[in-house]
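Everything on this sheet refers to the single structure shown next.
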Amino acid sequence: LEPREGLVEELAAVVGPNNVLEDEHARADYEVDWTGRYKGRARLVVRPGTPEEVARSVVICGQGGASIVPQGGNTGLVGGAVPVNGEVVISLRRMNRLVEVDAGSGQVVAEAGVTLATLAGAAAQAGWRFGIDFAARDSATVGGMIATNAGGLHVMRHGSMREQIIGIEAVLADGQVIGRLSGLLKDNTGYHLPSLLAGSEGTLGIITRACLKLVRRDSSRASALIGVDGPEQAEEIVNRLRQSCESLAAAELILENGLSLVLKHQRRERPLPEHPAYVLVETASNRDAETELVDALADIGVVSAVLAAGANEQRRLWELREGLTDAISAVGVPHKFDVSLPAGRIRHLMAKLPDLVAAIEPNAVIVVFGHLGDRNLHINVLGLGRGDGRVDDVVLRAVLREGGSISAEHGIGRAKRRWLPFDRSRADLAAMRAIKASLDPRGIFNPGVLFA
Ligand SMILES: Cc1cc2nc3c(=O)[nH]c(=O)nc-3n(C[C@H](O)[C@H](O)[C@H](O)COP(=O)(O)OP(=O)(O)OC[C@H]3O[C@@H](n4cnc5c(N)ncnc54)[C@H](O)[C@@H]3O)c2cc1C
């Protein structure tokens, strides 16, 4: 269907003329993703300021025959937030108000466009912490994090975004608003709609507000970078720390080629002698996180590690991990994989990857890092053409052979939809399609995302 005439005027009457972007330059930022891999064309960008404006915009687009791409901070890594072919982008970024921060109960009601950094700052001011954190914190939004069920650095302790949601509000394809934000901690009244929307990638509805839980703010934190002889030893150390170190909050894997890349990119000195791999660990507690970490490392016989002395050095250590994505992107546009594996399978996959990739492109460079505490690897392959899908096939099939998941935390988007049928069963896919068809029968939300 061609969008009918008058669409711009009708939308402008709802959100104001300044919030309907038609001009090519004004649209440009909304049409390309963070990696530069996904680029399309939006017919318009609409920027509503309230849930009601979202609902009315959705109805107008639906009546006008226009498909909709919901967009938050546009930091997603699977091409799910960028338009392809003349859709209307509904950007939630203007909806950036913290509606309520309840310091007593440790609950926040936030609009969908509130960034992770704003949310974390408000939580800290109220004497709490938000359980999710990751490098895109300055741009990633509450709505986007729910829609992708974002993970990040502290999933091993606090769970993923789904576990932080107490209540949700969302606009469906017919403009109806579902959910509630009353902060009920127990609510077994039928299907749990927040869970359904978490990870729905903008295909079922537009999240407008959410009630989120906050977690305890530990007074003491400590970090150490441990040198290890490879992924196998790294996994072993993390397993032992999980058993013995109650305050373990994060455990990240970095391989030597990734560390070299980020050191060069950030023009920094090597923090400890060269090893094949490293584990960056963090402890957080209300006692003495540093002593707890040092004791735990000594107990399991770690011999090569550097402990960050104080908050500044901790931040510097974490910049190494968080700078990896930027350092890789500075070299080229990578093929990115975000996979998770069953216990003990990381080393099998890592052993096979070099040969599998070299068979396609001998000069390709593989940079692997990830959230080891969740057995979640971010595999980046540099040196292949953007449109070259061969490496995607080879890597994802290898992950599936190891019993893994082709998407641990970034979602399916457009990037991984071709492989979804190999990961999920026919029955699973039929149930997912039935849900999509009943909530969005005309398929106006995010066409081409999740399902091919
Ligand atoms: C440097 C860097 C590091 C990252 N690290 C991590 C990490 O550690 N863990 C992790 O999980 N992710 C990570 N990401 C990926 C990304 O930041 C997350 O997926 C994030 O949750 C996306 O939020 P966003 O607001 O940018 O969403 P967008 O990119 O705008 O959108 C992502 C998806 O959600 C949908 N969507 C957005 N807003 C809404 C809404 N209000 N209602 C319905 N659907 C919506 C979009 O249509 C799209 O499908 C990283 C990204 C970068 C660039």
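Whatever order the structure lists them in is the order used to number ligands and atoms, beginning at 1. From a predicted model like this one, the values you see are computed outputs, not experimental measurements.
Residue Ile207 holds the heavy atom nearest to atom 42 (N) of ligand 1 of all those in Ile207, Asp133, Asp326, Val449. With Phe134, Tyr30, Phe445, Trp34 as candidates, the residue nearest to atom 4 (C) of ligand 1 on a non-hydrogen basis is Phe134. With atom 37 (C) of ligand 1 as the reference point, the heavy atom nearest to it among Ala210, Pro83, Gly151, Gly144 is part of Gly144. Taking only non-hydrogen atoms, the option from Val78, Leu204, Val155, Thr75 nearest to atom 15 (C) of ligand 1 is Thr75. Comparing heavy-atom distances from atom 43 (C) of ligand 1 across Gly205, Gly143, Ser91 singles out Gly205 as nearest. Across the listed options Ala136, Gly152, Ala147, Ala147 owns the non-hydrogen atom lying nearest to atom 36 (N) of ligand 1.
Looking at Arg347 and Glu236, no side-chain N of the basic residue comes within less than 4.0 Å of a carboxylate O on the acidic one, giving no salt bridge. The pair Arg316-Glu319 counts as a salt bridge, with a side-chain nitrogen and a carboxylate oxygen less than 4.0 angstrom apart. Under 4.0 Å is where a charged nitrogen must lie from a carboxylate oxygen, and between Arg157 and Asp218 at least one such pair does. For the pair Glu111 and Arg209, the salt-bridge criterion is not met [side-chain N within less than 4.0 Å of a carboxylate O].
Phe369 pairs in a side-chain contact (heavy atoms from CB on, under 4.5 Å) with only one of the listed residues (Leu259, Leu320, Ile379, Asn380), which is Asn380.
The protein non-hydrogen atom at the shortest distance from atom 50 (C) of ligand 1 is Leu77 CD1, 3.8 Å. Nearest non-hydrogen protein atom to atom 25 (O) of ligand 1 is Thr141 OG1, 2.6 Å. What sits closest to atom 9 (N) of ligand 1 on the protein, heavy atoms only, is Glu409 OE2, 2.8 Å. Scanning all protein heavy atoms for the shortest distance to atom 32 (C) of ligand 1 gives Thr148 CG2, 3.6 Å. Shortest contact from atom 29 (O) of ligand 1 to any protein heavy atom: Gly76 N, 2.7 Å. Scanning all protein heavy atoms for the shortest distance to atom 31 (O) of ligand 1 gives Ala81 CB, 3.4 Å. The protein atom (non-hydrogen) at minimum distance from atom 47 (O) of ligand 1 is Pro70 O, 2.6 Å. Among all non-hydrogen protein atoms, the one lying nearest atom 24 (P) of ligand 1 is Gly73 N, 3.5 Å.
Atom numbering of ligand 1 starts at 1 in the shown order; those under 4.0 Å from a heavy atom of Ala150 are 11 (O), 21 (O). Of all atoms in ligand 1, listed by their number and element, those nearer than 4.0 Å to a heavy atom of His371 are 8 (O). Contact atoms of ligand 1 toward Leu92: 41 (N) (distance under 4.0 Å to a heavy atom of the residue). Set against the non-hydrogen atoms of Met145, the atoms of ligand 1 under 4.0 Å away are 21 (O), 23 (O). Close approach of ligand 1 to Gly202 (heavy-atom distance below 4.0 Å) involves ligand atoms 43 (C), 44 (N).
Not a single donor-acceptor pair under 3.5 Å links the side chain of Asn19 to the backbone N or O of Val46. Judged by distance alone, the side chain of Thr141 and the main-chain N or O of Gly144 form a donor-acceptor pair under 3.5 Å. Without hydrogens or angle criteria, Arg414 side chain to Gly79 main chain gives a donor-acceptor distance under 3.5 Å. A side-chain donor-acceptor contact under 3.5 Å links Asn257 to the backbone of Ile366. A donor-acceptor distance shorter than 3.5 angstrom exists from the side chain of Gln71 to the backbone of Tyr30, with no hydrogens or angles considered. No donor-acceptor pair under 3.5 Å is formed between the side chain of Glu201 and the backbone N or O of Val449.
Remark: distances from the non-hydrogen atoms of Asn446 to ligand 1 include one below 4.0 Å. Within the structure, the closest approach of Ala170 to ligand 1 does not fall below 4.0 Å when heavy atoms are considered. Heavy atoms of Glu322 come nearer than 4.0 angstrom to ligand 1 in no pair at all.
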Output side-chain donor-acceptor pairs under 3.5 Å for residues 62-69, partner residues at least two apart or in another chain, one line each.
none

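Geometrically, ligand 1 and Ala140 share no nitrogen or oxygen pair separated by less than 3.5 Å.
Both the sub-6.0 Å distance and the 45° axial angle are satisfied by Arg397 relative to the ring of Phe422.
Here Met161 has no heavy atoms under 4.0 Å from ligand 1, in either its backbone or its side chain.
Take His410 and apply the ring-ring contact (aromatic ring centres under 6.0 Å, His included) test, not counting sequence neighbours, and it matches His378.
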